[in-house]
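We name chains A, B, ... by the order of the sequence lines, and we start the count at 1 in each one. We use all heavy atoms of the structure for the numbers below, so side chains are in, but hydrogens, waters and symmetry mates are not.
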There are 2 protein chains.
Amino acid sequence: MSQSDEPLPEPTPRTPRAEVRRRLLAAAAKVFAERGYADSRLEDIARAAGFTKGAVYSNFGSKQELFGALLRERSDTESTAVLAEVRGGGDLGDALRGAARLVARRIVDDTERGRLGLEFAARAAREEPTREVVAALRRAQREAASRAIAEAARRGGRGPAVDPELAALILHCLTNGLSMEHLADPAAVSAETAEQALTTVLTALLAPPPRS
Amino acid sequence: MSQSDEPLPEPTPRTPRAEVRRRLLAAAAKVFAERGYADSRLEDIARAAGFTKGAVYSNFGSKQELFGALLRERSDTESTAVLAEVRGGGDLGDALRGAARLVARRIVDDTERGRLGLEFAARAAREEPTREVVAALRRAQREAASRAIAEAARRGGRGPAVDPELAALILHCLTNGLSMEHLADPAAVSAETAEQALTTVLTALLAPPPRS
DNA sequence: GGTATCGAATACTCATTGGTATCGAAATAT
DNA sequence: ATATTTCGATACCAATGAGTATTCGATACC
């Protein structure tokens, strides 16, 4: 009883640096996504992560650099779930429909992703350094899509109806276009609509419509 | 000889108000397109138009309002050249190819348009009032496309292979997606590539590939 | 010709915010 | 234990640019 009735300063263990960095990036993603780069206050990002500006400048050299780090992080993290879906066993038609549904879901559910993508694109359009990173990211995405398509076409029996690279570009751009449209006019692009659009193009490119 | 050897102040005729407004809007389009909304200085816009900030505030209530006016102006002006191309007489296949070429050209040549569109979309994604205007503009575009497609399908003989509205959404989003891709990674989307992508989808949607 | 009005130029304000310098507590080394 | 380093918090600064108040000249009107 003699030792402690006082507040007991309880020496706070310091958050691991890597964790600080991670939280800051997550907060940056959120804030950049919902306000855009220019309208995002460095202090708001820090606060959202549970820190102060000091933490930001301790981990990143500048606002621009934080943005770049986020962009690079996303480049690495880019999910390949879609490809797995396409590669999954079973009927090719089912696989394609599954992939379409997955992408459509992401378009309407994960708006942060879409918004960030839009912000990345907007900045890439006018900033050379950003453009280089974004271009690389997109190339990698199209490349992956291209491979998946080639595989699907092979699986589908007859040789590729269209050049897989072209098909990849089409699907990639259609996806991004749908995402953008959903952000600009949510009512116009429901999950079902997006899915239908993707399925339509996907099957048109890979599997000539089952003639009646 | 007695009257004038002096510099002769040459009273400058005042620019008509409508003209001032027009030039300001044109300058705003240019500056907003190349720097984005937030990084555009009102004074730079004014200067680019040959005036000063005073002119801006005399014609528009605020920066946001200038942006809105520009957006609305573009809504009205939206060209219907594409539709004309599709409607033009001759073979349907040729008409479609012509339309695809036209759109592809615009994607790579008129970057101001693409950049502005991106900026509009980005702001629409996070600002309710802007979103309303942008959504209306896009709906109108899709609507027009939808009608053109319905007509083309009818002209092509058999009844519409796919719902014209869905086809319109697909082509609209693909176009915007290609435009965005071109801005983010110009090398990936040449005029030829874009044209091929559009033609492929267009014919797949409207005219089942000529069976070999 | 003189006066009122209109519209753009000029000069200023004021809030905002990226960046910096410094501080202090926790971790680490000695 | 104590010195040193690390790293985030705090306080501050300078620049920037939207918006405003005012001026001044050109057109319109009497």
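Residue B:Asn59 places its side chain closer to C:dA8 than to any other of D:dA18, C:dG18, C:dA8. When distances are taken from the side chain of B:Lys53 to each of D:dG8, C:dC12, C:dG19, the shortest belongs to C:dC12. The side chain of B:Ser58 sits closest to C:dG7 out of C:dT10, C:dG7, D:dG8.
Counting distance only, with no hydrogens placed and no angle test, the side-chain atoms of B:Lys63 and the base atoms of D:dG19 include no donor-acceptor pair under 3.5 Å.
In this structure, D:dC13 and C:dG18 make a Watson-Crick or G-U wobble pair, each of the two defining distances being under 3.5 angstrom. The nucleotide D:dC30 finds its pairing partner in C:dG1, both defining distances of the Watson-Crick or G-U wobble pair being shorter than 3.5 Å.
Proximity of A:Arg41 to the phosphate of C:dT16: no side-chain N or O atom is located under 4.0 Å from OP1 or OP2.
If you check every strand for non-hydrogen atoms under 4.0 Å, A:Val20 touches sugar and phosphate atoms only. A:Thr15 comes within 4.0 angstrom of nothing in the nucleic acid, heavy atoms only.
In this entry the distance linking CZ of A:Phe60 with P of C:dG18 reads 15 Å, nearest Å. Whole-Å rounding puts the B:Asp39 CG to D:dA15 C1' distance at 15 Å. A straight line from CZ of B:Phe32 to C1' of D:dA18 spans 12 Å, rounded to a whole angstrom. Spacing between atom CZ of B:Arg17 and atom P of C:dG7 amounts to 4 Å, rounded to whole angstrom units. Rounded to an integer number of Å, the gap from A:Gln64 CD to C:dT17 P is 18 Å. Atom CZ of B:Phe51 is separated from atom P of D:dA26 by 15 Å (rounded to the nearest Å). Taking atom CD of residue A:Glu43 and atom P of nucleotide D:dG8, one finds them 16 Å apart after rounding to whole Å. A straight line from OH of B:Tyr57 to C1' of D:dA21 spans 13 Å, rounded to a whole angstrom.
Within the model, atoms CG of B:Leu178 and CG of B:Leu183 stand 11.0 Å from one another, a figure rounded to the nearest 0.5 Å.
B:Arg101 and B:Thr199 share no side-chain donor-acceptor pair at under 3.5 Å.
By the 4.0 Å N-to-carboxylate-O rule, B:Arg126 lies too far from A:Asp39 to be salt-bridged with it. A salt bridge links A:Arg105 to A:Asp109: one of the charged nitrogens lies within less than 4.0 Å of a carboxylate oxygen. A salt bridge does not link A:Arg115 to A:Glu112: none of the charged side-chain nitrogens sits closer than 4.0 Å to a carboxylate oxygen.
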